[in-house]
Novice: 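Sharing a structure, written as structure tokens. Questions coming.
The first residue of the sequence shown is numbered 1, and numbering continues consecutively from there.
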Amino acid sequence: MAFLPSFIDDVIARNPIEDVVGQYVALKRQGGNLFGLCPFHGEKTASFSVAPEKGIFYCFGCHKGGGVINFIMEIENLSYPDSVRYLAKRAGLEAPEDEQYQSRYRKQERLWSLSKEAARFFCGQLYAPAGAAGLAYAQKRRLSKNTLTKFGIGFAPNAWSGLLDAMKRKGYTEEELLEAGLAVKSAKGAVYDRFRNRLMFPIIDVRGNVIGFGGRVMDDSTPKYLNSPETLIFNKRKNLFALNLAKKSKQGRIILVEGYMDAIALHQFGFDCAVASLGTSLTEEHAALLSRYTDQVVLIYDGDAAGQNATQRAIPMLEKTGVQVKVLRMRGAKDPDEFLNKYGADRFKLLLEESENRVEYQLRAIERKYDLKSDEQRVRFLQEAAEFLATLSNAVQREVYGVRAAEAAGITYEAMKLEVQKAYKRRVNREKKKQEKIDLAPAAAQQPKPRSMRYTNIRSAMAEEGVISMALREPALLDLAGNLPAAYFSSELLGKVFRQLLLRYQQGLSVTLGALEDVTPEEASHLAAVAQKQQFPVSEQAMQDCIATIRQEYAKSHADSSDALMALREKMRERKGYQP
């Protein structure tokens with residue numbers, strides 16, 4: 001919903017950005033700004049800054065930024081309206097609501113409540129006669145009573161409307177069960193339970209809400225595991241099974257496995273830092289979520305081709321967030337669940353401590369591709385290994401793992417070192433040429449990082465950034481821009497922001513990035529980067545120069561369009577005797 005600008009100002013004024021961010025990040029003052037370790041990606045050197053006077057945060061590492069509302073949106077994974085409400089509540093303010101929001105929020109609350117009641121129903125069924133098969137299966141998998149209770153594991157009876165009938169008696173409708181993904185409608189319009197004859201695993205978000213379910217079949221039916229569909233409250237790309245428990249772990253790492261049973265077994269044996277993806281490969285959203293709770297992730301995926309491919313995809317995704325990645329190779333068992341029940345927690349702990357770092361893992365993966373008894377295959381292995389080692393920026397790592405590759409192929413380290421050096425030089429030259437290309441095209445460096453925000457007119461966009469940057473530092477300069485139409489801006493985003501800032505200034509409201517509405521997290525981050533720039537002195541002359549440039553570029557682009565139309569008209573007149 002749209003809040004009154006004056007209410008947004010009040011919320012921001014009562015939630016100083018340094019106080020709000022300080023609840024999540026340890027900040028230290030350096031000059032006029034505060035710095036700390038970024039909560040959105042792992043780092044060892046503080047590149048996350050908070051500018052209290054500007055009311056913004058910005059990370060020079062991952063480039064996230066914005067105002068206090070944007071910070072809460074990112075850190076708490078909330079929508080803009082819900083972030084405003086969160087901050088309003090923090091400041092003791094009552095947020096005005098409209099019927100549309102009330103309706104949507106009431107629906108969310110109903111679906112959360114329904115899902116919680118469904119979880120209770122499934123738990124009850126596990127210990128009822130109808131759940132005998134489920135309880136027997138859980139006992140066969142050696143799940144203790146405490147574990148069953150801790151994870152809220154239950155059973156969906158082998159009936160078409162067991163849950164449906166029970167929830168109706170509690171006042172829920174068929175439509176609500178469909179919206180929660182707990183029921184399905186047939187082609188003929190009949191509504192029936194989605195989950196039947198399955199051991200049920202509630203999926204709980206980091207705030208403790210039951211948002212969905214996973215169900216394990218008791219017979220040979222397919223699919224073996226069935227998950228809730230996407231709903232108003234459940235998005236499998238943004239949630240991880242058992243993260244609500246693992247986030248409290250003191251073990252200093254998070255173990256990422258493929259399935260529910262592996263995660264549950266790990267918790268049962270004392271490894272309370274395990275989580276599992278929800279029937280999907282690791283996503284960028286998962287990686288970002290994990291980076292908020294840990295600096296190290298241990299991957300334990302199946303050893304088959306699919307599991308190895310999933311591991312290779314997950315490594316760069318996690319490293320991009322700054323998380324240290326290690327890979328555990330199962331030995332003597334196909335998965336953690338089997339290993340723990342076979343050998344116990346102490347043996348698994350040793351296995352965990354021996355986890356390979358991602359370099360060891362990837363080097364070993366390259367080695368497995370080749371038959372090192374064949375000279376031709378050995379040469380190909382060494383070439384690929386050298387190319388991989390050349391990507392390591394640390395010279396010590398290149399040497400250590402170069403020795404291992406040489407030993408694996410049965411050659412001297414000196415020969416391997418030469419190959420790595422040649423590959424490293426090639427990589428450096430490629431990167432140098434790439435940088436030279438960027439340097440020769442400085443306009444490319446001025447472009448926003450997200451491609452969706454690309455500038456079509458760099459000269460105008462730089463002036464537009466200047467207008468916004470100066471307005472944020474000295475709002476009174478907007479008096480000079482009162483007659484500048486926002487439509488003259490070549491960037492739709494910058495034009496929208498200018499319009500909002502100018503309107504707020506004319507209404508006597510605060511001119512800050514934090515008060516902007518209708519901007520995405522990516523847009524807020526780009527605008528925070530713009531606010532950090534000091535390419536223009538804050539002066540009337542600089543503002544007038546930027547405004548003049550915007551007007552000139554707008555006139556030029558429209559003149560070009562008119563000239564093109566005139567030329568087309570003349571050409572048609574010559575060819576066909578066209579008359580306007």
Novice: Arg142: what forms a side chain to side chain donor-acceptor pair (under 3.5 Å) with it, not counting sequence neighbours?
Specialist: none
Novice: Could you work out, with side chain to side chain donor-acceptor pair (under 3.5 Å) as the rule, every residue matching Arg169, not counting sequence neighbours?
Specialist: none
Novice: With Lys145, which residues qualify under salt bridge (Lys or Arg N to Asp or Glu O under 4.0 Å), at least two apart?
Specialist: none
Novice: Show me the side-chain donor-acceptor pairs of residues 342-352 shorter than 3.5 Å, one per line, residues at least two apart or across chains.
Specialist:
unit_1 : atom_1 : unit_2 : atom_2 : d
Lys342 : NZ     : Gly332 : O      : 3.2
Tyr343 : OH     : Gly332 : O      : 3.4

Novice: So, using side chain to side chain contact (heavy atoms under 4.5 Å, CB included) as the criterion, who are the partners of Ala415 when residues are at least two apart?
Specialist: Ile411, Thr412
Novice: Identify every side-chain donor-acceptor pair in residues 114-128 under 3.5 Å, counting partners at least two apart or on other chains, and give the distances.
Specialist:
unit_1 : atom_1 : unit_2 : atom_2 : d
Ser115 : OG     : Leu111 : O      : 2.9
Glu117 : OE2    : Arg120 : NH1    : 3.3

Novice: Ring centroids only, cut at 6.0 angstrom: are Phe48 and Tyr24 within range, meaning strictly under it?
Specialist: no
Novice: Provide the full list of salt bridge (charged side-chain N to carboxylate O under 4.0 Å, His left out) pairs with a residue in residues 354-363, sequence neighbours left out, each pair given once.
Specialist: Glu319-Arg358, Arg329-Glu356, Arg331-Glu354, Glu356-Arg364, Glu360-Arg404
Novice: Sequence neighbours excluded, which residues qualify as salt bridge (Lys or Arg N to Asp or Glu O under 4.0 Å) partners of Arg196?
Specialist: none
Novice: According to side chain to side chain donor-acceptor pair (under 3.5 Å), who are the partners of Arg110, at least two apart in sequence or on a separate chain?
Specialist: Glu176
Novice: Restricting to side chain to side chain contact (heavy atoms under 4.5 Å, CB included), what partner residues turn up for Asp375, sequence neighbours left out?
Specialist: Arg378
Novice: List in chain and number order the residues that pass side chain to side chain donor-acceptor pair (under 3.5 Å) with Arg380, two or more places apart in sequence or in another chain; answer none if no residue qualifies.
Specialist: none
Novice: Please list, chain by chain and in numerical order, all residues satisfying ring pair (Phe, Tyr, Trp, His ring centres under 6.0 Å) with His63, sequence neighbours excluded.
Specialist: none
